[in-house]
Amino acid sequence: FMAVSILPFGIAVPAGLAYTSSGALLEELVFRWLLMGWAARVGGPFAGTAVQAALFGLIHAAPMMACRAPIQVVSYAFVMPFACALVFGWLTAVSGGVACAWIVHWALNYIALVSALRSGRKERTSAELSE
């Protein structure tokens, strides 16, 4: 996000397409295709979904834990990805592949990125005007 956020808005928005789609695809392949597939073969479909969701939540919360963020931030950084991973896992299971989960995952990430870019631009503009 930091690499994209320093670009001018008109360049950051299209660059964010590639950034968010590739990141979401990598996560879908690792968590839903590989990890969920393996865990489902070992423990069944519910176990597969639960394992990938828990690890997905942990991997997203770990940076917040490492920088000693407040517990509310760490909790959100775990719970939101965990809940999303349950949905992504369900999409993968019912569709038979990661394409649907990847599209939804990409869309959520891209919307969040563009919203953050817009928010950051407004905050900077307001701060610049008050000086």
Side-chain angles (χ1 to χ4, degrees):
F1 173 78
M2 293 301 293
V4 175
S5 68
I6 62 172
L7 298 171
F9 187 76
I11 295 171
V13 170
L17 283 169
Y19 169 76
T20 56
S21 67
S22 61
L25 179 59
L26 178 63
E27 289 180 340
E28 290 309 313
L29 291 173
V30 169
F31 287 93
R32 262 58 74 187
W33 187 60
L34 289 173
L35 183 60
M36 188 172 101
W38 171 80
R41 283 189 299 280
V42 171
F46 292 112
T49 302
V51 166
Q52 65 83 22
L55 289 175
F56 192 71
L58 285 172
I59 204 80
H60 284 80
M64 299 299 115
M65 290 186 281
C67 68
R68 300 173 196 256
I71 189 67
Q72 296 89 342
V73 174
V74 173
S75 297
Y76 180 82
F78 174 80
V79 171
M80 188 62 165
F82 176 82
C84 288
L86 291 175
V87 173
F88 301 153
W90 176 79
L91 286 170
T92 298
V94 299
S95 71
V98 298
C100 290
W102 171 50
I103 291 168
V104 172
H105 190 165
W106 164 78
L108 289 173
N109 286 358
Y110 187 67
I111 290 166
L113 175 70
V114 172
S115 297
L117 290 171
R118 292 189 71 180
S119 175
R121 299 299 194 258
K122 288 177 186 172
E123 289 172 12
R124 279 190 229 145
T125 305
S126 299
E128 291 168 0
L129 290 174
S130 66
E131 291 178 353

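For the numbers below, each heavy atom of this structure counts, side chains included, while hydrogens, waters and symmetry mates do not.
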Rounded distance (nearest 0.5 Å) linking atom OH of Y110 with atom CD1 of I103: 15.5 Å
Atom of F88, atom of A101 and distance for their closest heavy-atom approach: O-CB, 3.5 Å
Contact summary for G48 and A39, nearest pair of heavy atoms: CA-CB, 3.6 Å
Test log, rule side-chain contact (heavy atoms from CB on, under 4.5 Å), inputs L34 and W38: CA-CA 6 Å; L34 289 173; W38 171 80; over 6 Å; no
For Y19, all residues meeting ring-ring contact (aromatic ring centres under 6.0 Å, His included), sequence neighbours excluded: none
Rounded distance (nearest 0.5 Å) linking atom SG of C100 with atom CD of E28: 10.5 Å
Short side-chain to backbone donor-acceptor contact, R41 and G37, under 3.5 Å: yes
Donor-acceptor pair, side chain of Q52 and main chain of A85, under 3.5 angstrom: yes
Residue pair L117 / S5: nearest heavy atoms and the distance that separates them: CD2-CA, 3.6 Å
Sequence neighbours excluded, every pair satisfying side-chain hydrogen bond (donor to acceptor under 3.5 Å, both in side chains) that has a member inside residues 74-97: none
For T49, side-chain hydrogen bond (donor to acceptor under 3.5 Å, both in side chains) partners two or more places apart: none
Any residue meeting ring-ring contact (aromatic ring centres under 6.0 Å, His included) with W102, in chain and number order, not counting sequence neighbours: none
Same apolar cluster (I L V M F W Y, side chains within < 4.5 Å links), I71/F78: no
S115 (side chain) donor-acceptor with A112 (main chain) under 3.5 angstrom: no
ILVMFWY network linking L26 to M2, side-chain heavy atoms under 4.5 angstrom: no
S21 versus W106, side-chain donor and acceptor atoms under 3.5 Å: no
Same apolar cluster (I L V M F W Y, side chains within < 4.5 Å links), V74/M80: no
Side-chain donor-acceptor pairs of residues 62-70 under 3.5 Å, sequence neighbours excluded:
none

L58 reachable from M36 in the ILVMFWY side-chain graph, under 4.5 Å edges: no
Contact summary for L113 and G16, nearest pair of heavy atoms: CD2-CA, 3.4 Å
Pairs flagged by ring pair (Phe, Tyr, Trp, His ring centres under 6.0 Å) wherever residues 39-60 is involved - sequence neighbours left out: F31-F56, F56-H60, F56-H105
Worked verdict on L35 versus V30 for side-chain contact (heavy atoms from CB on, under 4.5 Å): CA-CA 6 Å; L35 183 60; V30 169; 5.6 Å; no
Single-linkage hydrophobic cluster V51~V42, side-chain heavy atoms < 4.5 angstrom: yes
Approximate separation, where rounding is to 0.5 Å, of L25 CG and T20 OG1: 11.0 Å
Shortest non-hydrogen contact between C84 and L108, atoms and distance: SG-CD1, 4.3 Å
